[in-house]
Amino acid sequence: MRKIVIAGNWKMFKTQAESAEFLSGFLPHLEETPSEREVVLFPPFTDLSLVSKSLHGSRVNLGAQNVHWEEHGAYTGEISAPMLTEIGVRFVIVGHSERRQFFGETDVTVNLRLKAAQKHGLTPILCVGETKQQRDAGETESIISNQLKKDLVDIDQTHLIIAYEPIWAIGTGDTCESKEANRVIGLIRSQLTNPLVPIQYGGSVNPNNIDEIMAQPEIDGALVGGASLKADSFARIVNYQ
Ligand SMILES: O=C[C@H](O)COP(=O)(O)O
């Protein structure tokens, strides 16, 4: 049985005060959430300690938005896996398209980050997806297949989550049609050695489309950006029908 994982990626949003306000509105809604659903929040680095303390004793897991491959060193602006695990982080996003697009992330560095995460007991969410231009050129399958081939070299597929995030659907309100997301996720699964790897969909997920997305047989969860910033909205997503 594959795990269901609903994750909220806050990107570069929320001060500590705003995080605390979110949690006081969000956590009470989890009483209605079926116990088999895994819920993970990915606040910015500056909020991790505070959120970690507030989540103590709750069923919500803590994730970070990035991790460096070295344990320490002269890498200004980076954070290592031991720094994250020390404060209760258990998941990490690797290879998000915003890292690939704006911060020079490559398949080589994605692979290094995945290995470092797993070595320290963090479960990585590997993000893959195509641009609009690549989709229009009929390259969706080859782009994703290439990313998987390079990113997953020597990666343990028992402690791994994948998120299919079509780049054109991120933050645009232009959700990928749920049957199409289901089809691409099926293709991703056919390339894995472990059929139990949870594969999420990400890209303009919101309270209105979550039920249809989660009704698709290949989709094992969602990686939610904008709609995870408001307590009521993310609670509705986590408590999808
Ligand atoms: O990590 C989350 C994704 O980039 C989706 O963001 P979004 O829900 O704002 O489209």
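For this chain, numbers begin at 1 and follow the sequence in order. In each ligand, atom 1 is the first atom listed, and ligand 1 is the first ligand listed. It should be emphasised that the depicted structure is a prediction, and the values quoted were computed from it without experimental measurement.
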(message) If you measure every N or O of E165 against every N or O of ligand 1, does any of those distances drop under 3.5 Å?
(response) yes
(message) Polar contacts were defined as any N/O atom of the residue lying under 3.5 Å from an N/O atom of the ligand; does this apply to G225 and ligand 1?
(response) yes
(message) Heavy-atom count check: over 12 atoms from other residues, nucleotides or ligands less than 6.0 Å from E86 CD?
(response) no
(request) Would you mind listing which atoms of ligand 1 come within a distance below 4.0 Å of any non-hydrogen atom of N9? (result) 1 (O), 2 (C)
(request) Give a yes or no on whether a salt bridge exists between K132 and D136, defined as a side-chain N under 4.0 angstrom from a carboxylate O. (result) yes
(request) Over 60° means perpendicular and under 30° means parallel, so classify the ring planes of F91 and F42, tilted if in between. (result) perpendicular
(request) Mind checking whether I170 contacts ligand 1 via backbone (N, CA, C, O), side chain (CB onward), both or neither, at a 4.0 Å heavy-atom cut-off? (result) both
(request) May I ask whether S204 has any heavy atom positioned less than 4.0 angstrom from an atom of ligand 1? (result) yes
(message) Can a donor-acceptor pair be found, under 3.5 Å and without considering hydrogens, that links the side chain of R100 to the backbone of G95?
(response) yes
(request) Can you sort out which atoms of ligand 1 are near L223, meaning under 4.0 Å from one of its heavy atoms? (result) 1 (O), 2 (C), 5 (C)
(request) Could you tell me which atoms of ligand 1, counted from 1 in the order shown, lie closer than 4.0 angstrom to a heavy atom of G226? (result) 7 (P), 8 (O), 9 (O)
(message) Pairs of nitrogen or oxygen atoms closer than 3.5 Å, one from H96 and one from ligand 1: do any exist?
(response) yes
(message) Using a 4.0 Å cut-off to any heavy atom of G203, which atoms of ligand 1 qualify?
(response) 5 (C), 10 (O)
(request) Kindly say whether A227 contributes a backbone atom to a donor-acceptor pair with the side chain of N206 at under 3.5 angstrom? (result) no
(request) Can you see which heavy atom on A117 is nearest to which on V67, and at what distance? (result) CB-CG1, 4.3 Å
(request) May I ask you to check whether G171 has an N/O atom sitting below 3.5 Å from an N/O atom of ligand 1? (result) yes
(request) Decide, yes or no, whether a salt bridge links E71 with K119 under the criterion of side-chain N to carboxylate O below 4.0 Å. (result) yes
(request) Distance to 0.1 Å, residue and atom name: give those for the protein heavy atom nearest to atom 6 (O) of ligand 1. (result) K11 NZ, 3.3 Å
(request) Search all heavy atoms of S52 against all heavy atoms of L62 and return the closest pair with its distance. (result) CB-CD2, 3.5 Å
